[in-house]
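Working notes, beginning with the structure itself.
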Amino acid sequence: MTKAAELRDLLTRPATSRIVGARDPLTARMVEEAGFDGVWVSSFELSATRALPDLGLLTMTECLDAAALIDGATVLPSLVDCDTGFGTAINLVRVVRLCEAAGIAGICVEDKVFPKRNSYLDGGQVLEDPDAFAQRVEAAVRSRRDPDFTVVARCEALIAGAGMDEALLRAHHYVDAGADAVLVHSKRREPDEIVEFLRRWCRRAPVVVVPTTYYRWSLAEAQDAGVSLVIYANQALRASVLAVRTVLSEIHLRGDAATAEDSIAPVKEVFALTRTAEWEEWGA
């Protein structure tokens, strides 16, 4: 089975699937090691790794070059976060063709105007005209060579405060245009908006969610509500920021690395993740 077919299976199987955000190939390996179903190539994490804010600053080349490296490090399928699509319909067509050539399973594109702002920032969440966005989705779908390649349309109406009716109208419009799934985003502390959306959506097409703020919502609850795919989009990055700060502060204050040694991975674990033994066999 190709990675594209695997991602399509994750979206359509009865059980809710789970993928995790990765900013580099090593993180993707750890996502695979932990037993998750796939990798979310997160533009937020890619931006943060470059010490840049998530404000649409990544170029198509930066995003897709990183995605190819991440995807190549794991057997898991990758869904690439393409922000607003890097331009017009023709730019999105090029994204699809480059991703397919690299063996990437699918893309997600959101219905905000360029330059986008991270959804958890206050204000400034300006939605694109739904007809214009649907035309770009249709172009992306029509241009793919592999029918299993997935195009996810990300609806930001709830983030922008446009209301549930607008979110549903947009999501139906995007599926009419050929989107294989819709990502419905909310930044409430509870999943009430998502639950209402799913109730009114009636499982017309797979729904993807990102429970960053409503993080207590369990997998079982998401499955009962009708979620097809859960994305843990930024937890790996946030975990590393806290861990690295803690260890470096401890080393700086103590003047040695002795106490930090108990809270960091042994070098041999890094050897294992980078499959050093396999590479040495090639050189033997």
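What you see is a predicted model; the values in this text were computed from it and never measured.
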Considering all heavy atoms of both residues, which atom of Glu62 and which atom of Leu57 are nearest to each other, and what is their separation? OE1-O, 4.0 Å
Please round to the nearest 0.5 Å and tell me the distance separating atom CE of Met1 and atom CZ of Arg8. 12.0 Å
Any side-chain heavy atom of Glu190 sitting closer than 4.5 Å to one from Arg216? no
Main chain of Asp146, side chain of Glu100: is a donor-acceptor contact present, judged purely on distance under 3.5 Å? yes
When you measure from the side chain of Gln223 to the backbone N and O of Thr16, does any donor-acceptor pair fall under 3.5 Å? yes
For a side-chain contact (heavy atoms from CB on, under 4.5 Å) check, start with the C-alpha distance between Val151 and Tyr174, then their side-chain angles and the critical distance, and finish with the verdict. CA-CA 10 Å; Val151 177; Tyr174 304 157; over 6 Å; no
Taking atom CD of Gln235 as the centre, report whether more than 12 heavy atoms of other residues, nucleotides or ligands fall under 6.0 Å from it. yes
Grouping I, L, V, M, F, W and Y whenever their side-chain heavy atoms are under 4.5 Å apart, do Val137 and Val113 come out in a common cluster? no
Indicate yes or no: at least one non-hydrogen side-chain atom of Ser119 is less than 4.5 angstrom from one of Glu156. yes
Taking the side chain as everything from C-beta on, heavy atoms only, tell me whether Ile231 gets closer than 4.5 Å to Val208. yes
side-chain contact (heavy atoms from CB on, under 4.5 Å) between Cys63 and Val80, worked out: CA-CA 8 Å; Cys63 178; Val80 181; 3.9 Å; yes
Between CG of Leu92 and CD of Glu138, what distance do you get to the nearest 0.5 Å? 11.0 Å
Mark yes when over 12 heavy atoms from residues, nucleotides or ligands other than Ile90 sit less than 6.0 Å from its CD1; otherwise mark no. no
Please confirm whether the backbone N or O of Asn118 pairs with a side-chain atom of Gln125, one donor and one acceptor, at under 3.5 Å? yes
Do side-chain atoms of Lys112 reach the backbone of Arg117 as a donor and acceptor pair under 3.5 angstrom? yes
Answer yes or no: is there a side-chain heavy-atom contact under 4.5 Å between Ser78 and Val39? yes
Decide side-chain contact (heavy atoms from CB on, under 4.5 Å) for Val31 and Leu76; before the verdict, give the C-alpha distance in whole Å, the side-chain angles of both, and the deciding distance to 0.1 Å. CA-CA 9 Å; Val31 172; Leu76 299 177; 4.1 Å; yes
Heavy atoms of Ala73 and Glu32 approach each other most closely as O-OE1, 4.4 Å
Are Phe86 and Val152 linked, directly or through other ILVMFWY residues, by side chains that come within less than 4.5 angstrom of each other? no
Measuring only between side-chain heavy atoms, which start at C-beta, is Thr84 closer than 4.5 Å to Phe133? no
Heavy-atom closest pair (Leu79 atom, Cys108 atom, distance to 0.1 Å) is CD1-N, 4.1 Å
Indicate yes or no: at least one non-hydrogen side-chain atom of Val175 is less than 4.5 angstrom from one of Trp201. yes
Report yes if some heavy atom in the side chain of Arg254 is under 4.5 Å from a heavy atom in the side chain of Thr259; otherwise report no. yes
Just verifying a value: how many Å separate Arg142 CZ and Gln135 CD, rounded to the nearest 0.5 Å? 10.5 Å
Taking the basic N atoms (NZ, or NE/NH1/NH2) and the acidic carboxylate oxygens, is any pair closer than 4.0 Å for Glu33 and Arg29? no
Write down the atom of Arg50, the atom of Ala66, and the distance for their closest heavy-atom approach. NH2-CB, 4.1 Å
Under 4.5 Å between side-chain heavy atoms, hopping through other hydrophobics if needed: is there a path connecting Val141 to Val96? yes
Give the ring-plane orientation class for Tyr120 versus His185, where under 30° counts as parallel, over 60° as perpendicular and anything between as tilted. perpendicular
Is any side-chain heavy atom of Pro211 less than 4.5 Å from a side-chain heavy atom of Tyr232? yes
Could you check whether any side-chain N or O of Thr27 sits under 3.5 Å from a backbone N or O of Arg23, counting only pairs where one atom can act as donor and the other as acceptor? no
Evaluation steps, side-chain contact (heavy atoms from CB on, under 4.5 Å), between Ile104 and Lys3: CA-CA 7 Å; Ile104 291 167; Lys3 287 187 175 183; over 6 Å; no
Do other residues, nucleotides or ligands put more than 12 heavy atoms under 6.0 Å from the CD atom of Glu221? yes
Could you grab the distance from atom CZ of Arg94 to atom CE of Met60, nearest 0.5 Å is fine? 5.5 Å
Are any side-chain N or O atoms of Ser240 and backbone N or O atoms of Leu237, one a donor and one an acceptor, separated by less than 3.5 Å? yes
Step through the shown structure and confirm whether more than 12 heavy atoms of other residues, nucleotides or ligands are within 6.0 Å of CG on Asp122. no
Are the side chain of Arg188 and the backbone of Tyr214 linked by a donor-acceptor contact shorter than 3.5 Å? no
Could you state whether Phe44 and Leu46 fall into the same hydrophobic cluster, counting links through intermediate Ile, Leu, Val, Met, Phe, Trp or Tyr residues with side-chain heavy atoms under 4.5 angstrom apart? no
Show your reasoning for whether side chain to side chain donor-acceptor pair (under 3.5 Å) applies to Ser43 and Asp83. CA-CA 7 Å; Ser43 68; Asp83 285 343; 2.7 Å; yes
When rounded to the nearest 0.5 Å, the distance separating CG of Leu58 from CG of Leu64 is 10.0 Å
Looking at Leu10, is its backbone amide N or carbonyl O close enough to the side chain of Ser17 to form a donor-acceptor pair, meaning the two atoms are under 3.5 Å apart? yes
Is Asp131 salt-bridged to Arg170, going by a charged N under 4.0 Å from an acidic O? no
Closer than 3.5 angstrom, by distance alone: can the side chain of Arg154 be matched with the main-chain N or O of Asp111 as a donor-acceptor pair? no
Working note: Thr274 + Thr276, criterion side chain to side chain donor-acceptor pair (under 3.5 Å); need CA distance, chi angles, decisive distance, verdict. CA-CA 5 Å; Thr274 56; Thr276 303; 3.1 Å; yes
Which of Leu7, Asp37, Asp71, Asp148 passes side chain to side chain contact (heavy atoms under 4.5 Å, CB included) with Pro77? It is Leu7
In terms of hydrophobic clusters joined by side-chain contacts under 4.5 Å, are Val227 and Leu11 together? no
Per side chain to side chain contact (heavy atoms under 4.5 Å, CB included), Phe36 is matched among Val20, Ile19, Val230 by Val20
If you compare all heavy atoms of Thr88 against all heavy atoms of Arg136, which two are closest, and at what distance to 0.1 Å? C-CD, 3.8 Å
Tell me if a side-chain donor or acceptor on Glu278 pairs with a main-chain N or O of Arg275 at a distance below 3.5 Å. no
If you take all heavy atoms of Ile70 and Pro25, which pair is closest and at what distance? CG1-N, 3.8 Å
What's the spacing between Phe114 CZ and Lys116 NZ if we round to 0.5 Å? 10.5 Å
